[in-house]
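Reminder, nothing fancy here: chain letters follow the sequence lines and each chain counts from 1.
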Amino acid sequence: MFSLEGLRHDEVFLESKKCHHQRRKNNGKDDGRDVFDHAQPGGARGEIFGLSCQFLRLRGGLKLDQCAENARSQQDSGRRNPQRQRRIRKPELNQGDGGDQESCGRHLRHDNHAAVSEPGSVYLGCHDVSHGRFIRSRHGTQNPEGVAVHRSIALVLLAASLWGTTGTAAFFLGSEVSPAAIGAATMGMGGIILALVGSGRTRAVAADPGVRVWLVLGAIGATVYSLAFYQGMASAGTALGNIIALGLGPLVAALLEWVGESRRPPLWWAAVSGAVAGIVLMSLSKVELGGGRVVDLSWGIVCAAIAGVSYGLYPCVFSRIMRAGHHPAGVAGGVFGVAAPVPLLVAFVQGGELLASAERIGLVLIW
Amino acid sequence: MGPMVIAYTAITSALRNLSASSVTPLSLLKPVVATVLAMSVVGERLGGCALWGMGCVLISLLAIARSL
C-alpha cells in the first residue's frame with residue numbers, strides 16, 4: 001500500500017477522476033490499473049491512488065508532459081493568489097528512505113510536484129500547499145490514517161443525523177410561520193457564522209477573482225435551496241420533502257461531474273429513471289401531515305425538486321473552489337457568507353412571526 | 001441554525017480525510033432520520049405509494065453513490 005499522509009483531498013481529486021476514466025476506457029491491463037486495484041476502497045486513499053496512477057503512467061513514458069502541466073497550472077493559480085504563493089515552499093525530497101533521487105530511473109521535479117520512480121519501487125510526492133509540507137511515500141509503507149478516516153465517518157454520520165432533525169424542528173415552530181422565512185433565517189445566520197468560523201480562509205476565498213463565478217453560483221444555489229426546501233417540507237411533508245430534495249441532489253451532482261464527457265455511465269440513466277419514478281409514485285400518494293396541516297402535494301414536490309437541483313450544485317462549486325487551493329472551511333464560509341444577505345432580507349421581511357415568542361426565537365437560534 | 005453550522009463544519013473537516021464520493025452515501029442518513037422523525041414525532045401518515053416512491057429514490061441514490 002502507498003501512503004501519503006496529510007495530502008489534501010482537493011489537490012488530488014482531479015487526477016483521480018482522470019485516472020479512473022482512463023482506466024475504464026483502456027479496459028486493459030496497464031500499470032495504472034494494477035495499482036488502482038490495490039487501493040483500499042473509499043477515503044482519500046483512493047484519490048491518492050489516482051495520483052499515483054498518473055505518476056505510474058509517467059513511468060511508462062506515456063504522458064511525460066502531464067506532470068509539468070500540472071505544476072505549471074498550480075504555479076499560475078498561485079500567481080493569481082499572492083497570499084497562497086507565499087505559502088508554497090520548494091519541495092525537499094527526502095533522501096533517507098530509498099536512495100538518491102539521481103540514481104532513479106526516471107526523475108521529474110517541479111515546484112509543487114515530484115515523482116521519482118524506478119523499477120520495483122515507486123515514489124510519489126506532492127506538495128501540500130495548505131501546510132507547506134512536502135510529502136512523499138513509497139510502495140510498501142503502511143497507511144497511518146485509519147483513525148482519522150473513522151473519525152471523519154463518525155463526524156459525517158453525526159452531521160447527517162443532526163441535519164435530519166431540521167424539518168421536525170421547523171414543524172414545532174407552528175404553521176403560521178412562513179416556511180421560506182425559517183429557511184432564510186437559518187441560512188442567513190448560519191452563513192454569517194460559517195463565514196466567521198472560516199475567518200482568514202473565508203477572506204482568501206472572497207478575495208480570489210479566479211473563483212468568483214463559482215462563489216456567486218454557489219451562493220445562488222444556497223439561497224434558492226434554503227427558500228425552496230422549507231416550503232417543500234411544509235407543503236409535501238418533512239418525509240417526502242427531504243427524500244426528494246436530498247435524492248435529486250446527488251443525481252444532479254453526478255450529472256455535473258460527467259458533463260464534460262461524451263457518454264454518461266448507463267447507471268446514471270437507471271438512477272434518474274428510478275428517482276423520477278419514485279417522485280411520480282409519491283405525487284400519486286395520499287399524504288397526511290401532522291398537526292392538521294394542509295397538504296399541497298404538487299407544489300411541495302416542485303419546491304423540493306428545485307431545492308434538490310440547487311443542492312446538487314454544491315459539490316461541483318465546492319470542488320472547483322477547493323481545486324483553486326482554498327481550505328474547505330474557507331469555501332463553506334465564502335459560499336454561505338456571500339449567500340447570507342438575501343436570505344436575511346427575506347427573513348426580515350417575512351419573518352415577523354418568528355419573533356412572536358421567546359420559544360420561537362430560541363428554536364430558530366439553536367435549531 | 002445549530003445543525004446547519006455543525007453539519008457544514010463537520011463535513012468540511014471530514015472532507016480532508018474522506019472523498020466526496022464516500023461522503024454521499026453516508027449523508028443518506030439525513031433523509032432517513034428526517035423520515036423516521038416525521039412519522040414518529042410529527043405524526044405524518046404516508047400512503048403505500050409514497051413509501052414505494054421513497055424506496056425507489058433511496059435505491060437510485062445508493063446506485064449513484066456507488067458509481068461516483
Contacts of type side chain to side chain contact (heavy atoms under 4.5 Å, CB included), residue B/Ile59, not counting sequence neighbours: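 Result, side chain to side chain contact (heavy atoms under 4.5 Å, CB included) vs B/Ile59: none returned.
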[X] vs [Y] side-chain heavy atoms within contact, under 4.5 Å:
X       : Y        : result
B/Ile6  : A/Trp163 : no
B/Val42 : B/Leu37  : no
B/Leu61 : A/Leu246 : no

In terms of heavy-atom pairs under 4.5 Å, which option from [options] contacts chain B the most?
options                                : answer
A/Leu248, A/Val272, A/Leu157           : A/Leu157
A/Val197, A/Val276, A/Ile182, A/Asn242 : A/Asn242
A/Ser283, A/Ala154, A/Gly237           : A/Gly237
A/Met233, A/Met189, A/Glu288           : A/Glu288
A/Val280, A/Ile243, A/Leu155           : A/Ile243

From A/Leu289 atom CG to B/Leu46 atom CG, the distance as rounded to the nearest 0.5 Å: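 So the CG of A/Leu289 and the CG of B/Leu46 are separated by 8.5 Å.
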Between CE on residue B/Met54 and CG on residue A/Leu240, distance to nearest 0.5 Å: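 That separation rounds to 6.5 Å.
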Between B/Ala50, B/Gly48, B/Gly43, the one whose heavy-atom pairs under 4.5 Å with chain A are most numerous: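 So the answer, after comparing B/Ala50, B/Gly48, B/Gly43, is B/Ala50.
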Most contacts with chain A, counted as non-hydrogen pairs under 4.5 angstrom, among B/Cys56, B/Cys49, B/Gly55: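 With the most close heavy-atom pairs to chain A, the winner is B/Cys49.
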Centroid-centroid distance, A/Tyr314 to A/Phe336, less than 6.0 Å: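 Ring-ring flag for A/Tyr314/A/Phe336: true, centres closer than 6.0 Å.
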Part of A/Ile193 lying under 4.5 Å from any heavy atom of chain B: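 Side chain only.
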Segment of B/Leu51 engaging chain A (4.5 angstrom heavy-atom cut-off):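 For B/Leu51, there is no contact with chain A at all, as no heavy atom is under 4.5 Å.
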